[in-house]
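Letters A, B, ... are given to chains in the order of the sequence lines, protein chains preceding strands, and every chain is numbered from 1. Everything quoted here is computed from the prediction, not taken from an experiment.
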There are 2 protein chains.
Amino acid sequence: MTKEQHRVTLEDVAREAGVSIMTVSRVMNNTGRISEETRTQVRVVAERLGYRPNRAARTLVTKRTMLIACIMPDITNPYFAEILQGVEDTAWQEGYNVLLMNTNENPDREYAVLSQLDDSTVDGVIACSSRISDEQLIPLLRKHPAVVTINRVLPKDVGSIVLSQRHIGHRAVLAAKYLYQTGRRRIGYLQLVRGSSSFTSFDFVKTLEAEGITIDPAWCRRCPPVWKAGYEQGKMLLEEHPELEAVVGGNDLVTLGLMRAAIELGRKIPDNLALVGADDILISSQVTPPLTTFRMDKYEIGAMASRLLLLRMQGDYTYREMFFPEELVIRGTT
Amino acid sequence: MTKEQHRVTLEDVAREAGVSIMTVSRVMNNTGRISEETRTQVRVVAERLGYRPNRAARTLVTKRTMLIACIMPDITNPYFAEILQGVEDTAWQEGYNVLLMNTNENPDREYAVLSQLDDSTVDGVIACSSRISDEQLIPLLRKHPAVVTINRVLPKDVGSIVLSQRHIGHRAVLAAKYLYQTGRRRIGYLQLVRGSSSFTSFDFVKTLEAEGITIDPAWCRRCPPVWKAGYEQGKMLLEEHPELEAVVGGNDLVTLGLMRAAIELGRKIPDNLALVGADDILISSQVTPPLTTFRMDKYEIGAMASRLLLLRMQGDYTYREMFFPEELVIRGTT
DNA sequence: TTGAAAGCGCTAACAC
DNA sequence: GTGTTAGCGCTTTCAA
C-alpha cells in the first residue's frame, strides 16, 4: 500500500456528502436524530470513500481506548493459554481488543510492563497469576481505573478477583492429604518459585503438620514453573531423596518434568512413586501413566475475568470475588 | 482510584516548572537541545506530578501507535503459543506492544478481525497461518501499511513472509516417503481443514503417486486442527480402514488425538500402526511412545516475523522471505 | 434535524 | 536553547 495516501476523514465525507462533519459523526456513531435521507446519503459516501474512524482521535476525546491489557506469566503454559483464550473471546464479543503482555515468568518484566501501562493505553487490566509481590503490585494496579486479578487476592478497593483455589497452596495440601490417605508417607513438594509470595515449603510442612502429616523440609524443593525446571529439580530431588514415595507438584508442567526424570531414574509410577499435579493441562491426560491432578474450568476463569473487568470499565466498581472450584481428577500416577 | 482525577498533562508540568510545554515535550522525548539545568528541573517536576504522556494524543500527531497486531488461529495450540511468544518478546524489546487477535480457527472471525483493523489501531500486522483464502486475505492485508505473514505465501508487494516448510504439504509428503522407506505401504493422511487452501488429500495422493507411492484416497480424512477432532476423525478412519499401516497427521495435536484413538482400538504403535506428526510440540515427546514428527524453531519463527515487520514499519519495504527448515525427529511411533 | 465552535494532549515547523 | 503557532481527527456543547 502507498504510504502517502491521504487518510479519509470525517471532513472528506462531509464535504463529499454536502453536510457538516457533525452529521457524519452522528451517522457513524448512530447517535442523535438524523433524517433517514441524510443517513443513507452519508452512509453511501462514507462507504464509497472507504472512511474509517481514526481510533486515536476518538480516544483523545472520549478517553476510551477499547483496549484491555492482559498480563500473563507464560502463554506457552497451556494453563495460561486457555485462560487467555477465555479473556480474549469475551473481550472481543464486547468490542474490546486485548493487549497481550507476556512476562515470561520474569518479575522484572512484569513490573516494567505494569509501570509502562496507563489509562491512555488501555481501559482496564487483567493481571493473571502475578509474579511480583503485593508491595509492588498493589500500588501499580491502583493507578489503573479498572483492574481484575486472577489467582491473587486484592484489597477490595483495587479490583475484582477470580480465584481457582480457595487459598494459595490449597491444592498442594489437598493433594498431600489424598496421597496420605492412599498410604504414602514420605511426600515431597515441588514448590513453584514465582518472585512473589507463594505457598512455600514451610507453609506446606506447617499446614500438613496441623493435619497430622509429617513432611521433612528436605523433601521440598523450589522450582521455576516450567517443564525443564521440573525435570531438573525433580531429578535432583529424587536422587537426593530416593526414599520419597510421592511428590506434589506446583503445576502440571513441573510435575510432568519430574515424572520424566523419575522414569529415567527407573522409578515405577505409581507403585514406586506417586505424583499429583495441579491444573490438568491436555498433556497430563495423555502421558503414560496419566497424571492425577486438579481440574478447573480455565477458559471460564478467563472469560469471567473479562466480564468482571467489563463491569468495572462500565463504572460499576463493586468488588466481586469469583471462585472456581478445583476438582481432584484421579488418574494413573496415584 | 478516583475516576475524576485530572490527568497530568504537558501543560501542568510546564506551568509548574515555569517553562513552555515544548520544552517539557522535548525533555520527555529526549529531542532537541535542552540545557542540563532545565532538563533536570523539568524531569523533577514531571516525576513529582506523576506525568505520563497521553498515548492517544501522541498517536494522533505522529501517526504511530507503537502497537502491532498478531492474528493467530489458536493460542491453545502450543505450536502457535510458542510463535506468539517469539513475536511478543521481540516486539517488546523494540518498544511495541502486541494486540492479540485469536480467531479460534474460525475463518469468519479472522475475516472480521482483519476488516476491523486499520492503521489508526496498529502500525503493522502479523498474520499467522491464516485460515482464509488468498482472495479474501490479500485485499485486506493490502490496506495495511506493514504486513508479515507466517506460513502463507504473499505477492511480493504485500508483505514479507516467514515459512516453516518449503511448500504447503511438504512435511506430509516427507513423512509419507519416510514411512514408505520403513516398509509401510498403506499410508493414511489426516488433512487439516482450515477454511483456506490447504494441502488436500488429492494433492497428497497426486504428489506421492509421482514418487511411486500409491495412496488410496479413502485413507485420507479431513480434520479440524484440534486434538479432539484428531481423536474423533482418527477413530473413524481407523475403524473404517483397519488395513492402514501408518498415518500422517497435519499437525501434532490431531496426530496425538488419532494415537489415543488407535490405542483405544487396540492398535500397537509402532508395530501395528506408525504415526508421524508435523510440529513437535512438548506433549509429543512426552507421550508413550513418543511421536515421530518435524522439529522447527517456533520461537524464532515468531521473533523473525516481528523483526521483518519492524523493518517494514521503519519504511524498508524490501520483500523478504525467511525459511526455517524442518527436521524429521524420529521417535517411537515409527 | 443540523451546524459552528471549542478543545482533547500532543508534536512539527518555525521563530526568536 | 526555548517559545509560539498550528494543527492531528474526532466528539461535546451549544446554538439554530
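A:Asn104 and B:Asp89 share a donor-acceptor pair across their side chains, judged by distance under 3.5 Å alone. In this structure, a donor-acceptor pair under 3.5 Å is present between the side chains of A:Asp118 and A:Thr121. With hydrogens and angles left out, the side-chain atoms of A:Glu110 and A:Ser130 include a donor and acceptor closer than 3.5 Å.
At the heavy-atom level, A:Ser120 lies nowhere under 4.0 Å from the strands shown. Using a 4.0 Å heavy-atom criterion, one finds that A:Thr38 contacts the sugar-phosphate atoms exclusively.
In this structure, the side chains of A:Val122 and A:Leu117 come closer than 4.5 Å at one or more pairs of heavy atoms.
If you walk DNA chain C from 5' to 3' and mark each nucleotide with an atom closer than 4.0 Å to a heavy atom of chain A, the marks span C:dT1 to C:dG9.
Ion pair A:Asp157/A:Arg142 flagged as a salt bridge, since at least one NZ, NE, NH1 or NH2 atom sits closer than 4.0 Å to an Asp/Glu carboxylate oxygen.
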Salt bridge (Lys or Arg N to Asp or Glu O under 4.0 Å) evaluation trace for A:Arg131 with A:Glu105: CA-CA 7 Å; A:Arg131 300 324 197 188; A:Glu105 297 287 0; 2.7 Å; yes

Chi angles and distances behind the side-chain contact (heavy atoms from CB on, under 4.5 Å) call for B:Leu308, B:Val162: CA-CA 9 Å; B:Leu308 293 185; B:Val162 181; 3.8 Å; yes

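Counting heavy atoms of neighbouring residues, nucleotides and ligands inside a 6.0 Å radius, atom CD of B:Glu11 does not exceed 12 of them.
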Nucleotide-resolved protein contact map, nucleotides 7-16 of chain D, B/S/- at heavy-atom distance under 4.0 Å: -BBBBBB---

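For the pair B:Thr23 and D:dG3, the criterion of a side-chain N or O lying under 4.0 Å from OP1 or OP2 is met.
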